[in-house]
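Below is one structure, written out as structure tokens, with a few remarks after it.
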Amino acid sequence: NKLEQVAFADLATSLASLEELNLAYNSIAVVPDDYSDFGAASLRVLNLFANKLERVPAALVCCLPNLQELNLGNNKITGLAANSTSDPRQLRASLLKRLALQHNAVNSVSLDALRGLHQLTALDLSVDSMRLIGPDLFADLTGLETLTVNFFDEHKFDLLLNAPLM
């Protein structure tokens, strides 16, 4: 049995004290962006590994203020766009500590995509399609301790960092 969609708002309302949600190994392609009353304030861990997501859902960064761990690995995500800081709902997942994006098709990352993630300690971009990462991408990741960028040999990859990660 594989879930293709989840009524996230109903689930969150029914399980208001839920702290961890594992939806790995399903066929979820879309997480709706409109969650003005998402109700999942207690959710700390969300695992969407091995689904069919093509983008990072905006609801995950604006409506889950206590989210600390997000696994979006092994999906079909092709890029990370900038998040709007002018939107008052945009909490920027300020408590997010671990972000897994491994085994996607990420080939572009907006310079502002990771802005505001000061608490992030681990970022996994393994086996994505990126060819180049510049130093400005990590400017706001002041708490980053682990950056994983393992790539297969057929990928030519350059990591351009002018300063060591702190």
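We use all heavy atoms of the structure for the numbers below, so side chains are in, but hydrogens, waters and symmetry mates are not. Sequential numbering from 1 along the given sequence is applied to the chain's residues.
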Could you pull out the closest heavy-atom pair between [X] and [Y], with the gap in Å?
X      : Y      : result
Leu144 : Leu147 : CD2-CB, 4.1 Å
Arg55  : Val31  : NH2-O, 4.5 Å
Ser17  : Ser42  : C-OG, 3.2 Å

Query raised in the report: Checking Asn104 side chain against Val106 main chain: does a donor-acceptor pair fall under 3.5 Å?
Result: no
**Report entry** Donor-acceptor contact below 3.5 Å, side chain Thr121 vs main chain Lys97
**Finding:** yes
**Report entry** Which residues share a side-chain contact (heavy atoms from CB on, under 4.5 Å) with Thr78, sequence neighbours left out
**Finding:** Ala105
**Report entry** Same cluster (ILVMFWY, side-chain, under 4.5 Å), Leu3 and Leu70
**Finding:** yes
**Report entry** hydrophobic_cluster_shared for Val45 and Leu67, side chain cutoff 4.5 Å
**Finding:** no
Distance check, rounded to the nearest 0.5 Å: [X] atom [atom1] versus [Y] atom [atom2]?
X      : Y      : atom1 : atom2 : value
Leu53  : Leu48  : CG    : CG    : 5.5 Å
Ile28  : Lys52  : CD1   : NZ    : 11.0 Å
Asp124 : His103 : CG    : NE2   : 7.5 Å
Leu120 : Asp140 : CG    : CG    : 11.0 Å
Leu96  : Asn66  : CG    : CG    : 11.5 Å
Leu23  : Leu46  : CG    : CG    : 6.5 Å

Quick check: do [X] and [Y] have side-chain heavy atoms less than 4.5 Å from each other?
X      : Y      : value
Leu101 : Leu80  : yes
Asn71  : Gln102 : yes
Leu123 : Leu117 : no

Report summary line: Contacts of Glu19 meeting salt bridge (Lys or Arg N to Asp or Glu O under 4.0 Å) (sequence neighbours excluded), chain-then-number -> Arg44
